[in-house]
Amino acid sequence: MQRYNPIKIEKKWQNKWYDSDTFKAKNKTKSPKFYVLVEFPYPSGDGLHVGHCRSFVAFDAIARKKRMQGFNVLYPMGWDAFGLPTENYAIKRGVHPALVTKKNTDNFKRQMKSLGLSFDWSREINTTSPQYYKWTQWIFVQLFKKGLAYKDKISINWCPSCKIGLANEEVVSGKCERCGTKVEKKEKEQWMIKITKYADRLIDDLNLVDYQERIKIQQKEWIGRSEGAEINFSLDDFNEKIKVFTTRPDTLFGCTFLVLAPEHQIIGKIKSKIKNWQEAEKYIKQAKNKSDLERMENNKNKTGIEIKGIKAVNPANNEKMPIFISDYVMLSYGTGAIMAVPAHDERDFEFAKKYNLPVKEVVLSDGNKSILINSAQFNGMDSKKAKEEITKSVGGKKTVNYKLRDWIFSRQHYWGEPIPMVFCEECARRHDPGQGWHPVPEKDLPVELPKVKKYQPTNTGESPLASMDKWVKVACPECGGNARRETDTMPNWAGSNWYYLRYCDPKNNKKLANEKILKYWLPVDWYNGGMEHTTLHLLYSRFIFKFLWDIAAVPKQIGPEPYKKRTSHGVVLAEGGIKMSKSKGNVVNPDDVIKKYGSDTLRIYEMFMGPFEQMIPWDQKGIVGARRFLEKIYNLSEVKRTAVKSDENFKKLLHKTIKKVSEDIDLMKFNTAVSSLMEFANAWQVSQNTLGKDDFADFLAILSPLAPHLTDELWERAGFKGFCGDSKWPKYDSKLIVEESVLIIVQVNGKVRDKIKVGYNIGQKEAENVALNSSKIKGIIGGNQIKKIIFIPNKLINIVV
RNA sequence: GCCACGGUGGCGGAAUUGGCAUACGCGAUGGACUCAAAAUCCAUUGUCCGCAAGGGCUUGAGGGUUCGACUCCCUCCCGUGGCACCA
């Protein structure tokens, strides 16, 4: 008997698969389509990580099973290759980032192939290839034309180490997500994208899709819609008004002061009347110097200053009240001013306590009802109704606010898509100020990244492209005069915004993808990715899809959402439950595992290690369990598959296993799918029976999505035709699942006392008889009176005495 | 602080959604094979009492509902992730 030698077997089948068209998705077939998508990786120099493998292998199993079930499956792969690590490497070694990228993607591809993943490599894409980013740029131009891309001088999050502006999403507790350096504020002209215009749809359309609940909740919270009202407070002796945003207009009678954000523009207008201006100005300056992080840290100890000499008037009761400036109010949210109701807001209460301000209770809550008090004609009104009524009575306006901000789209780096815009001063002068920006004509796209000598960002915060005079100077597409190119590049989210569209038609040079083909493949049926992308890539790409849908760049029939279903996998941790990181030296390289145990073993182990959605520590010792399982199957297949017909009981177990594996793969319960296959193998080993030929084929078929190399090898040795992966997914026979006899639990007072074997579906009377006749049960009941008997068919009988 | 998820043997984890808790795997112990080791195979493996038959206890803690609770309800503790002065 030969020994199981995965190295030999696996190489052989990988060659056969990739030389044939077996994983190729057809753009037109009679069979139903199924589009399985996993997030494409950033090809780092470290190579593939066992964490990547987990999601790739899981969805490879899903893709393979769907193919066997008769679907025309698209399971593509590509490279999200723009990004800082490659640029940093290029800076250090003086190698062009494109060369580094090529090296890395080659390595990733080799690793993926060595895992036997069933990607359709004929559709491979790379965000850094000009043929691809031509369309990333094209999308930007469309955004600009529709007024959704605009340039604005804003205070951005600036990482002094990376020398790059960061989106809010890339700042984690005041620090740069990438390098951990404390983020600073910097005023800069940036391209912005109006994602806020889509805020409502991004929330509401979540109802149309099948995403894991945790994903929907996180997106909703990130967008942060809150409904409320804007109410104007007039100023005593002054022809100015302060507009506040509140979600609690019902508490207006309890408002005892106003608070302005230090940057609020009205302060300048009323400056002359402020008696303590010097003091106030000092406070404002201090507040401006604080970073967001410092502001946040002070959240227990609020500071502020009253502006003396001016009072605001409460529109509800005409009472005069003081106005404060405090940095606990943010300029960027709502109107930058609030009405403070210390009785019903914790933050206002803290502030009121510190500055000795009155607290006036106006809403009485008792259980599930909230009734207004101390609110004149509104007394006794339900607070929900009062929100509407009070807003109306003071001439307020119902409004909605979002936490979501517009998306900062400029980066000051070399290794990204050039923003295809040209600025013409001549045009700017002729039109109104601020204009002068023109998109590069679509026929001139892509704007290719020029070769530069140095890849470092400049100290002035400009991209290295800015120093390339030859490239920067260009004729104005409008007037033909002297103009300059935009030298900033796009963030690395730009390429991943729409990549799943490109897989449908990756070589199209006329459109981002052909409409008919898009209509066939979209929406993506199942998209899996990391939880960390929920408020980044997933949100951005939903937004961009909606935009493309609005301008009819993608067919209307697809509907407003690109992904039907979204799930996410748990992170693979290092042994001991800590994060795998290069600096800790605990990163597991799949190459090493494959070399030692084989890729089917790695695949099985990654699926078996624990629930797919949960994070899970790597266990080097545990891998041998997966290897032993495959060896067992290999050996059994050599000696125990010769029968014409399987034993009936054995066949039953097989059909139960078919049912379990079929259901579990669909539910991503890969760990229990593997364990049921192990149970089958154990039973096979212990039994004296051999497995019949057809049943053997069925067994290989249900194992093949998880261990495709081994099953194809055994398939061939058994004399079956073609690839096992091209065979039909077996259907279980429901008659075989049903037991003829079942073991019924007999309980006395809820405690298990006996187990009896009875016929399937026997009635209560019959079961009672058998149970009461058991000598064990008789002994336990003794002379006690039977009060009640509970009977659950085919499961249990409980005698209460 | 708020939201989400989780807490089950020495370890990773199962449990048809209210019906045998600890499947499957790792590890451990003993045995077979071997000159020996590895590999493999067999047996045992939640815990306590007991020579044994057998019995008690056990799913983070406490309470409740129920004939019956890992599962449902209430109170609390711990861990992970996200948000966080968002008015």
Side-chain angles (χ1 to χ4, degrees), chain A residues 3 172-173 212-222 224-226 228 244-248 251 259 261 292 295-302 326-330 332-341 344-348 350-351 401-404 531-532 534-535 570-571 573 575 577 604-605 608-611 613-626 628-629 631-632 635 659-660 663 669 671-682 685-686 743-755 787-792 794-801:
Chain A
R3 278 196 50 166
V172 178
S173 56
Q212 276 170 348
E213 207 48 38
R214 55 177 176 168
I215 297 172
K216 287 192 183 181
I217 290 168
Q218 248 187 56
Q219 287 211 343
K220 276 182 202 165
E221 278 192 359
W222 183 261
R225 173 159 69 190
S226 68
V244 305
F245 172 73
T246 177
T247 53
R248 296 294 306 275
T251 61
V259 189
D292 279 356
R295 270 187 168 196
M296 248 153 39
E297 275 165 357
N298 278 340
N299 117 38
K300 280 276 135 63
N301 184 21
K302 296 191 170 27
S326 170
D327 61 7
Y328 86 88
V329 173
M330 309 285 150
S332 55
Y333 187 78
T335 61
I338 62 156
M339 57 175 238
V341 186
H344 302 287
D345 184 284
E346 224 178 297
R347 295 152 301 174
D348 297 346
E350 261 174 54
F351 195 82
N401 259 294
Y402 304 92
K403 287 187 206 171
L404 186 71
M531 212 48 206
E532 71 275 17
T534 303
T535 53
V571 183
L573 300 170
E575 264 170 284
I604 290 282
Y605 174 65
F608 182 64
M609 63 198 298
E613 289 152 77
Q614 195 181 297
M615 60 161 117
I616 201 97
W618 187 262
D619 178 14
Q620 196 62 33
K621 281 193 202 134
I623 302 169
V624 302
R628 283 177 194 156
F629 164 61
E631 257 168 34
K632 190 181 283 178
N635 295 335
K659 180 171 192 273
K660 178 85 178 142
E663 290 169 354
K669 290 163 82 175
N671 53 333
T672 50
V674 173
S675 80
S676 72
L677 287 161
M678 284 173 167
E679 278 177 84
F680 181 82
N682 292 344
Q685 180 164 46
V686 177
L743 211 56
I744 281 198
I745 310 305
V746 184
Q747 297 183 330
V748 176
N749 285 345
K751 283 198 171 149
V752 180
R753 296 301 180 177
D754 202 2
K755 295 164 193 183
K787 277 191 201 158
K788 200 175 172 185
I789 294 181
I790 286 127
F791 175 69
I792 310 288
N794 298 321
K795 281 205 174 133
L796 143 158
I797 185 156
N798 187 9
I799 302 157
V800 187
V801 296

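Labels below follow one simple rule: chain letters A, B, ... track the order of the sequence lines, proteins then strands, and each chain is numbered from 1. Everything quoted here is computed from the prediction, not taken from an experiment.
- One can place CE of M678(A) at 11 Å from P of rC24(B), the figure rounded to the nearest angstrom.
- Nucleotide rA69(B): unpaired (no Watson-Crick or G-U wobble partner with both distances less than 3.5 Å).
- The glycosidic torsion of rU17(B) lies within 90° of 0, which places this base in the syn conformation.
- Atom CG in D327(A) sits roughly 15 Å away from atom C1' in rA87(B) (whole-Å rounding).
- With 3.5 Å as the limit, one finds a donor-acceptor pair spanning the side chains of K632(A) and N682(A).
- Between N794(A) atom CG and rC20(B) atom C1' there is a gap of 15 Å when expressed in whole angstrom units.
- Looking at the side chain of R628(A), the nearest of the listed nucleotides rU40(B), rG68(B), rC85(B) is rU40(B).
- For K755(A) and rC20(B), a side-chain-to-base donor-acceptor distance below 3.5 Å is present, hydrogens and geometry of angles not being considered.
- Using a 4.0 Å heavy-atom distance criterion, R225(A) is classed as making no nucleic acid contact.
- Tested against I745(A) for a side-chain contact (heavy atoms from CB on, under 4.5 Å), the candidates L796(A), N798(A), I797(A), D754(A) yield a single pass: L796(A).
- Heavy-atom distances to RNA chain B give each of M531(A) and I790(A) a nearest nucleotide, and the one nearer the 5′ end belongs to I790(A).
- Here, rC11(B) and rG27(B) have their C1' atoms 7 Å apart, quoted to the whole Å.
- For the side-chain contact (heavy atoms from CB on, under 4.5 Å) criterion with I217(A), the lone passing option out of R214(A), K220(A), E213(A), Q219(A) is E213(A).
- Base-pair partner of rG50(B): not found among the strands shown (Watson-Crick or G-U wobble, both distances under 3.5 Å).
- Taking a pair to require two hydrogen-bonding distances under 3.5 Å in either a Watson-Crick or a G-U wobble arrangement, rC33(B) remains unpaired.
- A straight line from OH of Y328(A) to P of rG1(B) spans 20 Å, rounded to a whole angstrom.
- Of the candidates rC85(B), rC20(B), rG68(B), rC85(B) carries the atom nearest the K302(A) side chain, counting heavy atoms from C-beta on.
- Residue K787(A) is out of contact with every strand shown, counting any heavy-atom pair closer than 4.0 Å.
- Taking the O4'-C1'-N9-C4 or O4'-C1'-N1-C2 dihedral as appropriate, rG9(B) has a value within 90° of 0 and is therefore syn.
- Rounded to whole Å, atom C1' of rG25(B) lies 15 Å from atom CD of E631(A).
- Residues I215(A) and M531(A) meet the side-chain proximity criterion, which asks for heavy atoms closer than 4.5 Å.
- Candidate nucleotides rC24(B), rA21(B), rG19(B) were compared by shortest atom distance to the side chain of L796(A), and rG19(B) ranks first.
- Between the side chain of K795(A) and the base of rC20(B) there is no donor-acceptor pair of N/O atoms closer than 3.5 Å.
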Nucleic acid footprint by protein, nucleotides 3-14 of chain B - heavy-atom cut-off 4.0 Å, B for base, S for sugar-phosphate alone:
SS-------BSS
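- Across all strands, D345(A) comes closer than 4.0 Å to no nucleic acid atom at all (heavy-atom distances).
- Relative to the side chain of Y333(A), the nucleotides rA23(B), rC83(B), rA87(B) differ in distance, and rA87(B) lies closest.
- Here the side chain of K621(A) is nearest to one of rG19(B), rA87(B), rC26(B), namely rC26(B).
- Within 4.0 Å of N682(A), counting heavy atoms only, lie sugar-phosphate atoms of the nucleic acid but no base atom.
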